[in-house]
Amino acid sequence: MALDEIAAACGTPCYVYSARGILNRYQAYDEAFGRTPHLVCYAVKANSNLSLLRLLAHAGAGFDIVSGGELFRVLQAGGTPSKIVFSGVGKTSDEIEYALNCRIHSFNCESEPELALINELALKRGLRARVALRVNPDVDAATHPYISTGLRDNKFGVDIADAERVYEYAQSLPGLAPESVSCHIGSQLLDAAPLMEAVDRMVALAGRLQKRGLPIRNLDLGGGLGIAYQPGQSTPLIAAFIEEMKQRVSELGLTIMIEPGRSLVGECGVLLSRVIHRKKNSVKEFVVLDAAMNDLLRPALYQAHHEILPVTQSSRPLMTADIVGPVCETGDFLAKGRTVPELEAGELVAVMSAGAYGFVMSSNYNSRPRVAEVLVEDNRWRIVRQREKFEDLVRGE
Ligand code: LLP
């Protein structure tokens, strides 16, 4: 699909996603599990556009949600409640009630007070809520500190050393059915080894819990598989990754659940932007784009690398520049000291691998309307979220 056609029709900046790319990755997960009982729960936080959720729901995916808002989106998109898991360190009573009323699959719980709260709300409805404890296996995911979650000093989960005691507590509460064990050690993992280490610890724990008589049926191993943001970066392949996971889990008769986000959608989206102008000072050159940190926060927040390519390929000299947006912050950059083909004012660039944690983390900072989102399906494209108007900026004020 020609990106310049899309830009001409719907303006820039805009996110453009590939439906085929997303479905291929979902199928790679699903097929790698084969006959092993499994549930692939897409982590909605990575990209929660209704049209993407609808695609995945039709393909049979489950969903991992972290808020009432995400639950609402999944239901709007036709997601099946019995395939939804609810994660997150601070679910409110309202959110828990909403999820109980919808009869979701289970809650991934992160503390004893949370277990007590879910128990109380379930009993009021005469229900037994299926729960997992999110266990912190204390392995170092070796990723950016802001997206590493499996170490003891993170806010997430229950220490593995404490897990058996907390499971006994959950088992003692009549409104809970502790049927699953869950973990998630971090995101953008480029090496599968720490995850496999966590899998081994989780399998051992599930075995110990079963011996104590707990009805453990599911093992939820979270998300985290990384993608190649830089050319030549190597990442574990979905099929090999799942194969290794399967081998480690066999025997206990558990259903394997996973919660991939980035690896399903990250590489299937670009942020399309236009160069406003170039500007030089005594020490450097800047390329000023119409997209900024409010549209794609990852470079500013995590020093993340996204390739930036001219949409029209031609042989031209290279330049080194900071590629920045119009927002009034020094932290507003999409790339620093980047060598790219010489870019001209007015031309289009594609910020690559922006399908995950792109639009969803965008804001109206500097009163910039949030951008449009476009979905490419087969040889057609359509707008799946309208660009915001100025009126949208002041709605509710
Ligand atoms: N499950 C749980 C409980 C999670 O916390 C996350 C991500 C996932 C699954 C999905 O992980 P993935 O497969 O996407 O790695 N905004 C950051 C990423 C934050 C990830 C938070 N949790 C970024 O832009 O890199």
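Just follow the structure's listing: the first ligand is 1, and inside any ligand the first atom is 1. Predicted model only: the values in this text are computed from it and were never measured.
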State the atoms of ligand 1, each with its element, that fall below the 4.0 Å cut-off from a heavy-atom position in [X].
X: Arg134; result: 3 (C)
X: Glu259; result: 1 (N), 2 (C), 3 (C), 8 (C), 9 (C), 10 (C), 13 (O)
X: Gly261; result: 12 (P), 13 (O), 14 (O)
X: Arg262; result: 12 (P), 13 (O), 14 (O), 18 (C), 23 (C), 25 (O)
X: Met361; result: 16 (N)
X: Ser187; result: 11 (O), 12 (P), 14 (O), 15 (O), 20 (C)
X: Ala43; result: 8 (C), 9 (C), 10 (C)
X: Pro260; result: 13 (O)

**OP:** Answer yes or no: are there more than 12 heavy-atom neighbours, outside Arg201 itself, under 6.0 Å from its atom CZ?
**Re:**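 Yes, enclosed.
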Subject >> Asp64 contact mode with ligand 1 (heavy-atom cut-off under 4.0 Å) >> reply: side chain
Does a side chain donor of either [X] or [Y] reach within less than 3.5 Å of an acceptor in the other side chain?
X: Thr320; Y: Thr339; answer: yes
X: Tyr229; Y: Gln188; answer: no
X: Ser263; Y: Tyr29; answer: yes
X: Ser273; Y: Asp290; answer: yes
X: Asp30; Y: His38; answer: yes
X: Asn364; Y: Glu388; answer: yes

Original post:
Does Tyr302, backbone or side chain, put an N or O under 3.5 Å from an N or O of ligand 1?
Top reply: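 Indeed, backbone or side chain, Tyr302 has an N or O that close.
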**OP:** Report yes or no: does a heavy atom of Ala356 sit under 4.0 Å from some atom of ligand 1?
**Re:**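 Judged by the 4.0 Å heavy-atom criterion, Ala356 does not count as contacting ligand 1.
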Original post:
Looking only at heavy atoms of Ser263, does any of them come nearer than 4.0 Å to an atom of ligand 1?
Top reply: no
Original post:
Could you go step by step and tell me if Glu259 and Asn108 meet the side chain to side chain contact (heavy atoms under 4.5 Å, CB included) rule?
Top reply: CA-CA 12 Å; Glu259 305 167 353; Asn108 288 344; 3.1 Å; yes
